[in-house]
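Read through the structure below, which is laid out as structure tokens, and then see the notes.
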Amino acid sequence: MDKTGLRGFRGALMGLREWPVPDRLSKVSRGRNKALTQAETEIRQTSLARSLPIGLRRMLAANLGSGFTYYNVGHSNLTQRVMRSTKAAGGRVEVLIHDVIPLEFPEYQRPGTVKPFADKLDRVRRYADRIIYNSEDTRVRTQAVLQAQGPMPPSIVAHLGTIDPVADVSALPEGLLPNRPYFVTVGTIEPRKNHAFLLDLWDEMGADAPPLLICGSRGWNNETVFARLDALPPDGPVQEISGLTDPALNALIKGSAGLLFPSHAEGFGLPPVEALMLGTRVLCNDLRVLHEILREYGTFSPVFDKETWLNTIKCWENTPPNIDEKQKFVAPDWSTHFKTVLRLSC
């Protein structure tokens, strides 16, 4: 696709114009989401060239010539065909690695996902001309996992950018906002996010516990936590909430006494970053990557230190945050990210 096609696609995504009616090819497979079939139709109508997988190298060579760069930013399409075809057509392969958590904590993953992820990363090691890491911690961890398999490609660290979160209290469902200091935690309810730890803390605090709002959809391998959530009394201090819009969720975070983030492992840690951008205090697990990204603005405590967590929660419940504009958290931005990536690509 060229710039005109991409602008048109963005316009449809932003609601500035209507999506096309799904074409015949989009309807070949039944049961597919209408939005997906419309998007595919849009891409086919505005693309400069298309090919079957077997013709990828020829298509790239015919339309791009040598000297182009393929940026892969989502841990997908990291197949041998894509990378070999790109390089055979005279292009460079640059891959953004978000984390290697599936290899470090396989017990937290969906069944059958660890081996394909390992194979994918090995292809990155063998074919990528450069790896872009979202944090220095991710670089250290990735190299520790992969360098035993052979030489690693050159690499850089470019922190992910952020966009100022917009909070809209009016977007919250009626009656959801507690009338006393409350805490929030944000993230998919899966083992790595360690919701069980927070449930244990609230059990220990008992009837005097402040409200805790668990915001996120249910994930995988977490039946014990799901059962505990299902057993929560409707009028109890812990509430499970899903399906909020971004402005509503941001309003909930902004109005809270603090964001709690006891995650066992992260590649970057976007929820605490956005919480700090909203002026909300963050209490999180003592992870190196969170120290790197949040710096002195986060409050860190290992999750084996329950007393510190309990004491901090009780303190914050009774003490409003003191936000000094001169000391306000400044999050990584996309401009710096792309200047880093593109400057070092030329």
Side-chain angles (χ1 to χ4, degrees), residues 15 35 162-220 222-263 269-285 298-299 306 309-323 328-329:
T162 52
I163 299 173
D164 287 336
V166 176
D168 183 1
V169 175
S170 67
L172 286 168
E174 186 176 352
L176 178 61
L177 201 61
N179 56 9
R180 53 177 292 202
Y182 64 91
F183 292 84
V184 295
T185 187
V186 176
T188 302
I189 305 173
E190 47 109 346
R192 177 171 61 89
K193 296 297 185 180
N194 202 14
H195 292 83
F197 174 74
L198 295 180
L199 293 176
D200 290 343
L201 293 182
W202 256 253
D203 284 347
E204 191 163 330
M205 285 187 282
D208 294 331
L212 170 64
L213 306 181
I214 298 177
C215 303
S217 57
R218 295 193 178 190
W220 52 89
N222 221 8
E223 284 69 24
T224 301
V225 168
F226 298 158
R228 293 178 70 177
L229 294 174
D230 290 337
L232 293 172
D235 57 347
V238 180
Q239 301 292 320
E240 179 187 1
I241 302 168
S242 62
L244 293 178
T245 63
D246 286 346
L249 178 59
N250 292 335
L252 210 57
I253 295 169
K254 187 172 183 177
S256 70
L259 177 100
L260 307 179
F261 201 68
S263 178
L270 190 57
V273 168
E274 293 184 333
L276 290 176
M277 294 173 72
L278 289 163
T280 301
R281 296 172 293 199
V282 172
L283 174 59
C284 56
N285 194 8
T299 300
K306 292 176 61 175
W309 279 76
L310 288 168
N311 292 336
T312 303
I313 290 168
K314 291 174 183 176
C315 175
W316 287 4
E317 180 188 5
N318 298 304
T319 308
N322 180 20
I323 302 175
K328 191 174 181 181
F329 175 72

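Numbering of residues begins at 1 and proceeds along the displayed sequence.
Note on residues 164-200: pairs passing ring pair (Phe, Tyr, Trp, His ring centres under 6.0 Å), not counting sequence neighbours, are Phe197-Trp309.
For the atom pair Leu198 CG and Leu283 CG, the distance stands at 9.0 Å (nearest 0.5 Å). Summarising the geometry, atom CG belonging to Leu252 is positioned 5.0 Å from atom SG belonging to Cys215; distances are rounded to the nearest 0.5 Å. Atom OG of Ser256 is separated from atom CG of Leu212 by 10.5 Å, given to the nearest 0.5 angstrom. The distance from atom CD of Glu190 to atom OG of Ser217, rounded to the nearest 0.5 Å, is 9.5 Å. Within the model, atoms OG1 of Thr280 and CH2 of Trp316 stand 10.0 Å from one another, a figure rounded to the nearest 0.5 Å. Atoms CD1 and CZ, on Ile253 and Arg281 in that order, are 14.5 Å from each other to the nearest 0.5 Å.
One N or O on the side chain of Thr319 and one on the backbone of Cys315 form a donor-acceptor pair closer than 3.5 Å. Without hydrogens or angle criteria, Thr188 side chain to Gly219 main chain gives no donor-acceptor distance under 3.5 Å.
A salt bridge is absent between Asp168 and Lys254: the closest approach of a Lys/Arg side-chain nitrogen to an acidic carboxylate oxygen does not fall below 4.0 angstrom. With respect to the salt-bridge test (charged N to carboxylate O, under 4.0 angstrom), the residues Glu240 and Arg218 qualify.
When side chains are defined from C-beta on, Ile214 does not count as touching Lys193, because their heavy atoms never get closer than 4.5 Å.
Residue-environment remark: CG (Asp164) stays at or below the threshold of 12 foreign heavy atoms within 6.0 Å.
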